[in-house]
Amino acid sequence: MQSLFQLKQPPVVLMGNLVLMHTSLLFLSTLFHCVHLSDQFQPFQYNALKQIQQFLNYPSVLTIFDNTWDFCNVEPSPFLTIVCYEDNVTQLHITGNNGVFPPSLPRNFSIDALFSSISSLSNLKVLSLVSLGLWGPLPATIGKLSSMEILNLSSNYINGFIPLELSYLNNLQTLVLDHNKFTGQIPHWVSSFNDLAVLSLKNNSLFGSLPSSISSSENLRVLAMADNHLFGEIPGLQNLTNLQILDLKNNYFGPSFPVLHHKVVTVDIRNNSFKSSVPNELNSYFQLEKLDISINELIGPFPPSLFSLPSINYIDISGNKLTGKLFQNMSCNAHLVLVNLSSNLLTGELPACLRENVEEGAVSYDGNCLSGEEGNQKPLSFCHNEALAVEVSPQKLRHKERKAMAMLVSSLVGGIVGLAVIVGLSLWVFQRRNRRAAMKGPSTRLITEKLSTVNTVRLLSDARYISETMKMGANLPTYRAFALEELKEATNNFSHPSIVGEPSLIQIYRGELGDGTAIVIRSIKMRKKHSPTMFTQHIEMISRLRHNHLVSCIGHCFECCPDDSTVGIVYFVFEYLPNGTLRSSICGGGVRLNWAQRITAGIGVAKGIQFLHTGIMPGVFSNHLKITDVLLDNNFHVKICTYNLPLLARQNAGLM
């Protein structure tokens with residue numbers, strides 16, 4: 001098996017292959033045994049699978065459960081695979097897919113009941129429930145699956161702490177909980193699994209430091225903690241001789257560069273707080289294929305020998321303060337596909353091999369002091385002076401870290417005042433990140449729109465817009481134009497019981513769409529007459545205000561005057577959040593947030609404000625944010641509900 005992992009693979013797909021390899025080996029093992037598919041399939045297993053079908057709201061992909069008892073002989077598909085050994089279910093894979101198997105769980109869905117049924121499959125070794133819309137804390141009954149070797153619950157809405165009961169799964173080899181809403185710290189017991197090879201907790205709301213015990217996970221091959229709120233030093237990983245992928249991007253780790261074993265294949269620590277020099281040991285990483293250390297504050301000389309490492313094909317060091325002189329006659333690996341040296345303090349000349357071996361447009365070097373290059377190069381004196389200015393001793397760095405930690409502790413003791421301090425500090429961090437993010441290159445085009453007849457709008461978007469929208473406003477419905485009849489039906493013809501708050505120029509209604517989606521509608525009466533085309537710019541701006549920490553607008557509707565077809569009323573449709581304000585959950589009589597949730601809430605508010613200021617062009621300012629303007633969704637994640645919508649601001653000023 002060791003030789004399998006030494007095979008050359010592109011770094012983009014390597015992690016997926018590593019995760020799937022454990023599943024594949026288990027699956028293949030069933031083919032080399034005498035798989036007995038008798039008619040004596042245990043009734044309790046049949047009942048468990050039928051209950052799983054019920055709890056998932058009878059999705060179409062599971063309709064085959066209605067027509068067979070022989071689950072062990074169901075034809076595998078990308079959305080459903082069941083594997084048995086001696087009449088016992090050993091593998092269960094159910095995957096949702098937009099447009100084919102969209103998650104539509106009922107409002108009374110119980111994740112506890114679902115896992116209670118799953119736990120009755122006591123021989124289950126592989127469980128994969130991906131993109132099913134599961135929500136709620138991961139139940140303690142997960143600990144009953146004592147035979148579990150591979151657990152993948154990625155791309156759901158599972159929240160709360162990672163439960164202690166997971167540590168009972170002594171045979172666990174792969175744990176993937178990516179793209180959920182887990183909070184709290186990474187538990188120290190993750191290193192207690194003797195055979196753990198893949199640990200992936202990407203894109204959650206975890207905070208704190210990486211447990212030092214992770215250094216003893218000798219069989220670990222993939223360590224992926226990207227896109228969380230983690231901070232502090234990386235424990236020494238030099239003893240993890242099997243580690244191939246380290247993905248820690250978009251956190252706050254630092255300041256020292258991580259110490260790794262020389263067999264590592266992918267190192268991605270992009271967008272953290274590393275402030276040390278790049279260790280010379282990287283020159284001996286002969287299996288290294290991808291190195292991304294961009295958008296940090298790394299200093300000292302850049303080792304140009306990295307260009308010629310035997311396996312390297314991807315290098316991104318942009319957005320640091322690395323120094324050194326490059327020469328035209330330097331050697332490069334012929335398989336390099338991307339090199340980004342931008343925004344450092346490099347001098348000399350761009351190596352000729354980078355021009356010859358790498359495709360046009362795949363080499364970036366702006367923002368340095370290279371001679372003989374067109375574009376954005378700075379004077380040689382600038383790089384010399386800056387190089388002197390950034391020489392910071394490790395003692396000073398440690399002193400700054402201790403000072404920052406003391407400020408954090410005092411903030412926590414301060415109670416509610418402390419929460420406000422955390423919001424302010426978080427906003428400062430994100431503003432600093434945004435300045436560094438300015439080095440990433442040209443901004444992504446978000447959306448264009450062409451208005452035609454009354455009550456219709458066509459939003460034109462490209463693949464990059466869709467990708468960016470999914471990242472900023474993941475899980476939100478696509479922005480669209482609503483028909484007036486839809487909104488009337490949702491609010492019972494705008495009846496009085498659906499009105500929220502006192503009547504004013506901007507009336508607010510609560511309603512429910514035909515698919516069961518709860519919504520809030522803002523109705524704005526226009527003071528002046530305008531044709532629908534006059535609103536194109538405002539609709540474009542509002543459609544871009546989509547973020548995980550904003551109560552986002554999901555569409556609009558125009559009600560036009562019958563005599564001249566001008567717009568009389570504009571309706572904006574927003575998502576509905578049921579759990580009240582942040583204030584009520586801190587000092588009110590409702591559900592009280594614990595300190596971990598309050599810290600996560602503060603960071604979430606800062607993310608929302610940072611997006612309003614810098615995530616779109618032009619930014620949205622003068623929001624006059626109060627704690628009562630922050631709402632909580634079903635999973636008690638914060639969203640800013642009152643911000644300065646451009647059209648509302650002009651209406652209040654009497655300009656429309």
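Since we're looking at a predicted model, the values are computed, not measured. Excluded from the calculations below are hydrogen atoms, water molecules and symmetry mates; all remaining heavy atoms, backbone and side chain alike, are included.
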| query | Are I162 and I186 close enough, and set up right, to give a side chain to side chain contact (heavy atoms under 4.5 Å, CB included), and what steps lead you there? | reply | CA-CA 8 Å; I162 298 174; I186 299 172; 5.8 Å; no
Would you confirm whether [X], through its side chain, and [Y], through its main-chain N or O, come within 3.5 Å as a donor-acceptor pair?
X: N180; Y: L153; result: yes
X: R598; Y: L593; result: yes
X: N594; Y: A596; result: yes
X: D633; Y: K639; result: no
X: N635; Y: H637; result: no
X: E575; Y: S552; result: yes
X: N152; Y: L127; result: no
X: D178; Y: K202; result: yes
X: E486; Y: A483; result: yes

Which atoms form the tightest heavy-atom contact between [X] and [Y], and what is the distance?
X: L151; Y: I142; value: CD2-CD1, 4.2 Å
X: L550; Y: F611; value: CD1-CD2, 3.6 Å
X: S116; Y: T141; value: N-OG1, 4.0 Å
X: L487; Y: C557; value: CD1-CB, 3.7 Å
X: T600; Y: S205; value: CG2-CB, 4.0 Å
X: S117; Y: Q51; value: OG-OE1, 2.6 Å

| request: Evaluate the criterion side chain to side chain contact (heavy atoms under 4.5 Å, CB included) for residue pair L230 and S209; output intermediate values, then yes/no. | output: CA-CA 6 Å; L230 302 170; S209 58; over 6 Å; no
Under 4.5 Å between any side-chain heavy atoms of [X] and [Y], yes or no?
X: F574; Y: I519; result: no
X: P137; Y: I158; result: no
X: N320; Y: F274; result: no
X: Y576; Y: T517; result: no
X: N159; Y: T183; result: no
X: L177; Y: S154; result: no
X: I640; Y: L625; result: yes
X: L132; Y: L56; result: yes

First locate atom [atom1] of [X], then atom [atom2] of [Y], and finally report the distance between them rounded to the nearest 0.5 Å.
X: F182; Y: N203; atom1: CZ; atom2: CG; answer: 12.5 Å
X: H549; Y: L612; atom1: NE2; atom2: CG; answer: 12.0 Å
X: C641; Y: L631; atom1: SG; atom2: CG; answer: 4.0 Å
X: S318; Y: N296; atom1: OG; atom2: CG; answer: 9.5 Å
X: N156; Y: S131; atom1: CG; atom2: OG; answer: 6.5 Å
X: N228; Y: F253; atom1: CG; atom2: CZ; answer: 8.0 Å

| Full working for side chain to side chain contact (heavy atoms under 4.5 Å, CB included) between F572 and I554 | CA-CA 8 Å; F572 287 109; I554 62 176; over 6 Å; no
Decide whether [X] and [Y] meet the rule of one side-chain donor and one side-chain acceptor closer than 3.5 Å.
X: N250; Y: D227; answer: yes
X: S523; Y: Q507; answer: no
X: S495; Y: N493; answer: no
X: S342; Y: D366; answer: no
X: R270; Y: S294; answer: yes

| said: F55: which residues meet the ring pair (Phe, Tyr, Trp, His ring centres under 6.0 Å) condition with it, sequence neighbours left out? | reply: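 Counting only residues at least two positions away or on another chain, F55 forms no ring pair (Phe, Tyr, Trp, His ring centres under 6.0 Å).
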| task | Please list, chain by chain and in numerical order, all residues satisfying ring pair (Phe, Tyr, Trp, His ring centres under 6.0 Å) with F115, sequence neighbours excluded. | result |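 Expected list: none.
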| message | Regarding K488 and E559, does a basic nitrogen lie under 4.0 Å from an acidic carboxylate oxygen? | response |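 Not counted as a salt bridge, because no side-chain N and carboxylate O are separated by less than 4.0 Å.
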| Pair K249 + D292, salt bridge at N-O below 4.0 Å |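 The answer is no: the pair does not qualify as a salt bridge.
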| query | Looking at Y571, does the NZ or CZ of R522 lie under 6.0 angstrom from its six-membered ring centre and within 45 degrees of the ring axis? | reply |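 No, R522 and Y571 do not form such a contact.
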| request: Decide yes or no on side chain to side chain contact (heavy atoms under 4.5 Å, CB included) for L206 and L201, but give the supporting numbers first. | output: CA-CA 9 Å; L206 300 169; L201 308 176; 3.9 Å; yes
| request: Check the pair H556, F558 against ring-ring contact (aromatic ring centres under 6.0 Å, His included), reporting the backbone distance first and the verdict last. | output: CA-CA 7 Å; H556 71 277; F558 294 141; 5.1 Å; yes
| request: Could you list the residues that satisfy salt bridge (charged side-chain N to carboxylate O under 4.0 Å, His left out) with E512, not counting sequence neighbours? | output: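 Only R107 meet the salt bridge (charged side-chain N to carboxylate O under 4.0 Å, His left out) criterion with E512.
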